[in-house]
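See structure below.
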Amino acid sequence: MMKNHPFHLVDKSPWPLLGSLSTFTLLMGLIKWFHYSNWDLLLMGVISTKLIMFQWWRDVVRESTYQGLHTMKVTKNLRLGMILFITSEVFFFFAFFWAFFHSSLSPSIELGMNWPPKGIKPFNPLEIPLLNTLILLTSGVTITWAHHSLMENNYTQTLQSLTLTVFLGYYFTFLQGFEYMEASFSTSDSVYGTTFFMTTGLHGLHVIIGSTFLLICLARLYSNHFSSNHHFGVEAAAWYWHFVDVVWLFLYLSIYWWGG
C-alpha cells in the first residue's frame, strides 16, 4: 500500500497482549516454584515467552529490513524511545540504591546499629566482583569497537568484537550465578540480604537481557541486515550495554566495596 508520509503505522499484532499474558504466567510460575517447588507453570511461562519473543522480533526485523518501514524519521523516534526507556531504568535502579543507602548510612537498632549487620559475611570485593567488573569494562570496549567497525563497513571486525561482547556478557552471568551459590547469606537475612540480592539480581537480569539483545544483533549481522548507515538495532544494544556497565560500576563501588 502506498503512503505519502515517513511514519510507520504499525499493523495489528497479537504479541503485546500474548506477551503480557505469558509474562504473567512466568511470574506466577516463579511464585509457585518458590512456595511449592513445582516448576510446571514456570516452564510453560518460559517456553511461551520465548516463542513470543522470537515471533515479535521476527516481525520487527521484517518491517525494518525487508519492508523498509524504518525510515530516517522512524529511526529518529526509535532513538528517542530508547533514550526515554534507559532514563526510566536509571530511576528504577535509583530506588534500589536509595533503599541500600537508607539502611546502611543509619542502621537501625534491629541491625545492631552495624553495617553489615552482625552475622553477615559479605563478599570479598577483590575476588569475583572485581573480575566481573573487569569483564564488563572489557565488554564496554568491545561493543564500542563493534559499533565503530560497523560504521566503517568493516564486517570482519564487527563480527569478532560483537561475538566477544556476547561471550563476555554470558561469562559475567555464569560467574554471578557461581557467586550466588557460594553466598553465606540469603535474601531473607535482614535488609542487607534483601537489598544485595534485589539490586545485584536485577542488574544480572539486565545483563541477560542485554546479552540476548546483542545475540540477536549478532545473528542479524550474519544475515547482512546492517549497513554503515542503517544499524539502529546494534546502536540501541550498545547504548543499553553501556548503561548496564555504568550501573555495575556504581553497584560494585557502593554495595561490594563500601557497603561490605
Using side-chain hydrogen bond (donor to acceptor under 3.5 Å, both in side chains) as the criterion, list what pairs up with [X], not counting sequence neighbours.
| X | result |
| --- | --- |
| S211 | none |
| S48 | none |
| W115 | none |

Under 3.5 Å donor-acceptor, [X] side chain and [Y] backbone:
| X | Y | value |
| --- | --- | --- |
| S20 | L17 | yes |
| D189 | S186 | yes |
| S161 | A146 | yes |

Which donor-acceptor pairs under 3.5 Å do the side chains of residues 238-246 make with protein atoms, sequence neighbours left out?
from : atom 1 : to   : atom 2 : distance (Å)
W241 : NE1    : S139 : OG     : 2.7
H242 : NE2    : T144 : OG1    : 3.3

Any side-chain heavy-atom pair from [X] and [Y] closer than 4.5 angstrom?
| X | Y | answer |
| --- | --- | --- |
| H147 | H231 | yes |
| F92 | L202 | yes |
| L26 | V46 | yes |
| F100 | M198 | no |

Compile the donor-acceptor pairs under 3.5 Å between side chains in residues 219-226 and protein atoms, sequence neighbours left out, one pair per line.
from : atom 1 : to   : atom 2 : distance (Å)
R220 : NE     : H225 : ND1    : 3.2
R220 : NH2    : T65  : OG1    : 2.8
S223 : OG     : A219 : O      : 3.4
H225 : NE2    : Y66  : OH     : 3.0

For the atom pair [atom1] ([X]) and [atom2] ([Y]), what is the distance rounded to the nearest 0.5 Å?
| X | Y | atom1 | atom2 | result |
| --- | --- | --- | --- | --- |
| F7 | K73 | CZ | NZ | 5.0 Å |
| I143 | L164 | CD1 | CG | 10.0 Å |
| L214 | I209 | CG | CD1 | 12.0 Å |

More than 12 non-hydrogen atoms from neighbouring residues, nucleotides or ligands closer than 6.0 Å to OH on Y171, yes or no?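 No, because the 6.0 Å sphere around OH of Y171 holds 12 heavy atoms or fewer from other groups.
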
Please tabulate, for the side chains in residues 119-136, all donor-acceptor contacts under 3.5 angstrom to protein atoms that are two or more places apart in sequence or on a different chain.
from : atom 1 : to   : atom 2 : distance (Å)
N124 : OD1    : L126 : N      : 3.0
T133 : OG1    : P129 : O      : 2.8
T133 : OG1    : W248 : NE1    : 2.9

Which pairs with one or both residues in residues 77-89 pass salt bridge (Lys or Arg N to Asp or Glu O under 4.0 Å), sequence neighbours excluded?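 Passing the test, one end in residues 77-89: R79-E235.
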
What verdict does the side-chain contact (heavy atoms from CB on, under 4.5 Å) test give for T173 and Q176, after you've listed the backbone C-alpha separation in whole Å, the side-chain angles of each residue and the deciding distance to 0.1 Å? CA-CA 5 Å; T173 302; Q176 190 171 39; 5.8 Å; no

Search all heavy atoms of [X] against all heavy atoms of [Y] and return the closest pair with its distance.
| X | Y | result |
| --- | --- | --- |
| V247 | F97 | O-CZ, 4.2 Å |
| L150 | T158 | N-OG1, 3.1 Å |
| H230 | S64 | NE2-O, 3.9 Å |

Using residues 51-62 as the side-chain source, report each donor-acceptor pair under 3.5 Å to any protein atom, sequence neighbours left out, with the distance given to one decimal.
from : atom 1 : to  : atom 2 : distance (Å)
Q55  : NE2    : L51 : O      : 3.2
D59  : OD2    : W15 : NE1    : 2.7

Any side chain to side chain donor-acceptor pair (under 3.5 Å) pairs touching residues 192-202, not counting sequence neighbours?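 Qualifying pairs, neighbours excluded: Y180-T200.
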
I need the full list of side chain to side chain donor-acceptor pair (under 3.5 Å) pairs touching residues 96-106, with sequence neighbours left out, sorted by first then second residue.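 Side chain to side chain donor-acceptor pair (under 3.5 Å) check on residues 96-106 returns no pairs.
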
Worked check of ring-ring contact (aromatic ring centres under 6.0 Å, His included) between F197 and F185: CA-CA 10 Å; F197 282 106; F185 57 93; 5.5 Å; yes

Kindly list each side-chain donor-acceptor pair under 3.5 angstrom involving residues 36-43, sequence neighbours excluded, with atom names and distances?
from : atom 1 : to  : atom 2 : distance (Å)
N38  : OD1    : D40 : N      : 3.1
D40  : OD1    : K32 : NZ     : 3.2

List, one per line, each side-chain donor-acceptor pair under 3.5 Å for residues 253-260, sequence neighbours excluded.
from : atom 1 : to   : atom 2 : distance (Å)
S254 : OG     : F250 : O      : 2.6
Y256 : OH     : E179 : OE1    : 2.8

C217: which of L162, T212, T165, V166 passes side-chain contact (heavy atoms from CB on, under 4.5 Å):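 The option that passes is L162.
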
Side-chain heavy atoms under 4.5 angstrom apart, residues restricted to Ile, Leu, Val, Met, Phe, Trp, Tyr: same cluster for Y170 and L137?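 The answer is no; the residues belong to distinct hydrophobic clusters.
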
